[in-house]
Undergrad: 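Following this message is one structure expressed as structure tokens.
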Amino acid sequence: MGLGAYLCVSAALLVIGIALMLARRNILYVLMGLELILNAANINFVAFARFSASPLDGRMFAIFVIILAAAEAAVALAIILHVVQLFHSVKPSAVDRLRE
Amino acid sequence: MNSSKPFAALFAAALIASLGAGAWWAGAMGAAFGLFALLTIGGGLICLFERSVVRSAFALLSTFLGTSGLFLLLGSDFLAMAQVLIYVGGILALLLFGVMLTPPDLGERRLPRVFAALVAAAAVVGLAVWRCADVAAFRRAGALEAPRSDAEVIGVAFLDPTQYLVPFELAAVFLTVALVAAVYIARRRSIDPDSKAAP
């Protein structure tokens, strides 16, 4: 399997993630699309690490991306819970004021 | 559940097609790649087209497992296991908590909007790939060595002060700060139907 096949899968995953963030009107779907985009980036990192002369750097980048994704999911979920309690809606467009 | 039978047929057809194409192209490795690629992309597509948030979240399980399999095929077993542990065990569970704690909205999916977003994203990504493919220069390894377990290499690199020790410790501090911040943000109003009026 060459590098191009993995890059194709990653590009498809990136397209799906962007479409998920654009098309669905629910904050949770935006979060899911974000996770898909980060996964696509991770596949790219690991694929380039496999086919390059220095195999460690890409994997390290992928590990730090996973760490960031975990922290981001936790904070984003806390914000979503707060938004739902404040605005009684999960639509991103419903969040339109900064103070109560 | 009327639509489950054509969906199952479609999934089986896609499975056979991807396995066959992969096996015809590159043998057993190709078949495994086809299976994992189908899991990854198919899960994403189900998540995109599914009406219910719960099913979308469970479709992401397929995507994460497929990505983990792709990592295995790329010879990075530590990352594959970390992917399963963190994404499936952590982030997916968090997403499901979020799904259960937010009001459901079954009518928000609009198929024209989904297709339009898919076409727009494909156009943008395709243009970027097309423009980058010519100018990107990539230094390949001369001969691919056989993949072997990289957990020990990664562990040594994380604890070596000349390599990744400082980012490793920073990541630990960052995770602590992020989790404390998440608890702080989610804490102020408890999940309680009576506290709706209290500011």
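Numbers restart at 1 for each chain; the letters A, B, ... are given by sequence-line order, proteins then strands.
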Undergrad: State, to 0.1 Å, how close A:Ile67 and B:Ala171 come at their nearest heavy-atom pair, and which atoms those are.
TA: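 Closest pair (atom of A:Ile67, atom of B:Ala171, distance): CD1-CB, 3.9 Å.
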Undergrad: How far does CE of A:Met32 sit from CG of B:Leu48, to the nearest 0.5 angstrom?
TA: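 A:Met32 atom CE to B:Leu48 atom CG measures 11.5 Å (nearest 0.5 Å).
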Undergrad: Would you mind checking which part of B:Val119 comes under 4.5 Å of any heavy atom in chain A, side chain (CB onward), backbone (N, CA, C, O), both or neither?
TA: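 Neither the backbone nor the side chain of B:Val119 comes within 4.5 Å of chain A.
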Undergrad: Tell me, for B:Phe78 versus chain A, whether the close heavy atoms (under 4.5 Å) come from the side chain, the backbone, both or neither.
TA: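 It is the side chain, since no backbone atom gets that close.
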Undergrad: Can you tell me if A:Phe61 has over 12 outside heavy atoms packed within less than 6.0 Å of its CZ?
TA: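 For A:Phe61, atom CZ is not crowded (no more than 12 foreign heavy atoms under 6.0 Å).
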Undergrad: Between B:Leu179 and A:Ala74, which heavy-atom pair has the shortest distance, and what is it?
TA: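 That would be CD2-CB, 3.7 Å.
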Undergrad: How far does NE2 of A:His82 sit from CD1 of B:Ile185, to the nearest 0.5 angstrom?
TA: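 It comes to 8.5 Å.
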Undergrad: Of all heavy-atom pairs between A:Leu36 and B:Gly44, which one has the smallest distance, and what is that distance?
TA: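 Reported closest heavy-atom pair: CD1-CA, 4.2 Å.
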Undergrad: If every non-hydrogen atom of B:Ile154 is compared with every non-hydrogen atom of A:Met60, which pair is closest and at what distance?
TA: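 Result for this residue pair: O-CE, 3.6 Å.
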Undergrad: To check you understand the geometry: which heavy-atom pair defines the closest contact between B:Ala178 and A:Val75, and what is its length?
TA: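 Shortest heavy-atom separation between B:Ala178 and A:Val75 comes out as O-CG2, 3.6 Å.
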Undergrad: Which heavy atom of A:Tyr29 sits nearest to which heavy atom of B:Glu50, and what is that distance?
TA: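 Residues A:Tyr29 and B:Glu50, closest heavy atoms: OH-O, 3.6 Å.
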Undergrad: Identify which of A:Leu28, A:Asn39, A:Val90 forms the greatest number of heavy-atom pairs closer than 4.5 Å to chain B.
TA: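 It is A:Asn39.
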Undergrad: How many angstroms lie between CG in A:Leu22 and CG in B:Leu118, if you round to the nearest 0.5 Å?
TA: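 The distance works out to 10.0 Å.
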Undergrad: At a heavy-atom separation under 4.5 Å, does B:Thr40 approach chain A through its side chain, its backbone, both, or neither?
TA: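 Interface part for B:Thr40: both.
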